[in-house]
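In the text below, chain A, chain B and the rest are named by the order of the sequence lines, each starting its count at 1. Just so it is clear, the values below take in all heavy atoms, side chains as well, and ignore hydrogens, waters and symmetry mates.
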There are 2 protein chains.
Amino acid sequence: MILSNYRSEDKVLLAVDGIIFGFDKEKLKILLVQRDFEPEKGKWSLIGGFLKREENLDQAAIRILHHLTGLNNIYMEQVYSFSKVDRDPAERTISVAYYALIDIASHDRKLLKQNPIQWFNLKDAPELIFDHNRMVERALATLRRRALNKPIGFELLPEKFTMRQLQKLYEAILDTKLDKRNFINKFNSFDILIKLDEKDMSSSKKGAFLFQFDEEKYKRKVEEGFNFKL
Amino acid sequence: MILSNYRSEDKVLLAVDGIIFGFDKEKLKILLVQRDFEPEKGKWSLIGGFLKREENLDQAAIRILHHLTGLNNIYMEQVYSFSKVDRDPAERTISVAYYALIDIASHDRKLLKQNPIQWFNLKDAPELIFDHNRMVERALATLRRRALNKPIGFELLPEKFTMRQLQKLYEAILDTKLDKRNFINKFNSFDILIKLDEKDMSSSKKGAFLFQFDEEKYKRKVEEGFNFKL
DNA sequence: CCAAAAGTGTTGGTGGTACACCCATGA
DNA sequence: TCATGGGTGTACCACCAACACTTTTGG
């Protein structure tokens, strides 16, 4: 900001790339798009686009996601800015990575079908263009940190869910196995769940009770943060 | 990254602003520069400049710091990118914030004197231009998180220091009082300090033993991370 | 001899971890 | 009746938090 003359400074392209995490029963997934222009046409890429002059980065991330997928009202969070000089061979481009969490089942997938867009299991996602693999790694690390410091699940699960689903979500994010009883005890201690009278009969004969998040309390916990040690 | 034509996209100025934290005996300080061009000439600002086409953001942060202060070999870490549309009234500019930690006493201050650059106690720093106050807040939050998850002090203390100094550093960063015995016990459990045979006589009649970081072990702990609860 | 900072351990409580058996039901 | 997943409680241990007195020595 100093000793500068604005006019003489270099301008660059600023991209925004979205790492969209989804969860569907068991596995953590990621939404990718097949690139339809050069360079790297035909290869898989994150959901990306360029910042426009009249919007900020948060708005750009949301706009681009909506434009490519039709997804709406998705909260995205900034992860990191990537700036290796030759990261995009076509043009000097800096990219700001954002990530989002969504519940795959509860978003309309018709819109996705129009585009060369597809969910992949995170573990067997294809090689991505440029430095997008590094972006995914970094976003995943951020997601894990977040899962350990704040409740997670509101954005990634259907409205009603079983304890098992919640546990599987944590296991998928942290890539680990958790003890059923300890998980339940711990999670209940946060006091953000409402136990419903309904059961989900789809996965067992006995049926499993459904839960909902208490949205008020959930949000308060997100503000406060906590320490999830497992 | 998709459905785009690179040529038609908007280009923007990309600034890098450095939040330089220093520590000097008791207080956490911040390095600011008086802006000598319009807009906002004469007001205080972070250590900033613009990204050049042929460097990445990390390099830009280091170059700018060196250029304005003469400081060398300072490790800087990216915090966040700020992009409000009218954040800089002169021109559409996105700014990437970086922060650094340095030991004030052990860096040559002569160079600083040439420039309108000055250390301020963090607590009574002046109002800054643009959104720089928000950047400082965010960097401080990042610094606190880091202090709770990784050892800190190597960059902020002289080579040899007393336990008291180390504790004061943590107190300054976390803005809290800590118990002497608990702090020492906790910190010793990390096993990254070497107790020297020397004493520092400057602050008491009895003298206080000096310590050094065991650089190997310190670095390993930084990799691993830990959970500093106090 | 006294003021001022340094140094040093113990205890109680909280919370994390490990662990195994019974329940309900559809097939 | 049995196979499958659902649901539940306890005991040990580690770590955090609170807390006060003695030592050293320059002035």
Spacing between Lys177(A) atom NZ and dA18(C) atom P, to the nearest angstrom: 16 Å
Please report how far the helix from dC1(C)-dG27(D) to dA27(C)-dT1(D) bends, comparing the axis fitted to its first five pairs with the axis fitted to its last five, to the nearest 10 degrees. 10°
Nearest-angstrom distance from the residue atom NZ of Lys186(A) to C1' of dT17(C): 11 Å
Please confirm whether Phe21(B) and Phe23(B) have ring centers closer than 6.0 angstrom. no
Rounded to the nearest angstrom, tell me the gap between atom CD1 in Ile184(B) and atom C1' in dA18(D). 16 Å
Check DNA chain C against residues 196-206 of chain B and give the residues with a non-hydrogen atom under 4.0 Å, in numerical order. Ser203(B), Ser204(B), Lys206(B)
If you measure from the Lys or Arg side-chain nitrogens to the Asp or Glu carboxylate oxygens, is any gap between Asp131(A) and Lys84(A) under 4.0 Å? no
Between Lys195(A) and Phe209(A), is NZ or CZ placed under 6.0 angstrom from the six-membered ring centre and within 45° of the ring axis? yes
Between CG of Asp179(B) and P of dC19(D) the distance, given in whole Å, is 9 Å
Is any side-chain heavy atom of Val96(A) less than 4.5 Å from a side-chain heavy atom of Gln78(A)? yes
Round to a whole Å and report the spacing from NZ of Lys168(A) to P of dG6(D). 7 Å
N/O donor-acceptor pair, side chain Arg181(B) with base dA20(D), under 3.5 angstrom: yes
Rounded to the nearest angstrom, tell me the gap between atom CG in Leu166(B) and atom C1' in dA6(C). 15 Å
Listed by chain and number, what are the ring-ring contact (aromatic ring centres under 6.0 Å, His included) partners of Phe187(B), not counting sequence neighbours? Tyr170(B), Phe183(B), Phe190(B)
Can you tell me the distance, in whole Å, between the CZ atom of Arg164(B) and the C1' atom of dG7(C)? 10 Å
Is the closest side-chain heavy-atom distance between Leu143(B) and Leu28(B) below 4.5 Å? yes
Any side-chain N or O of Lys180(A) under 4.0 Å from OP1/OP2 of dG7(D)? no
Parallel, tilted or perpendicular, judged at 30° and 60°: which one describes the rings of Tyr218(A) and Phe213(A)? perpendicular
Between dC19(D) atom P and Asn185(B) atom CG, what is the distance in whole Å? 16 Å
Is Arg87(B) positioned over the aromatic face of Phe130(B), cation under 6.0 angstrom from the ring centre and no more than 45 degrees off axis? no
Angle class for the Trp44(A)/Phe120(A) ring planes (parallel below 30°, perpendicular above 60°, tilted otherwise)? perpendicular
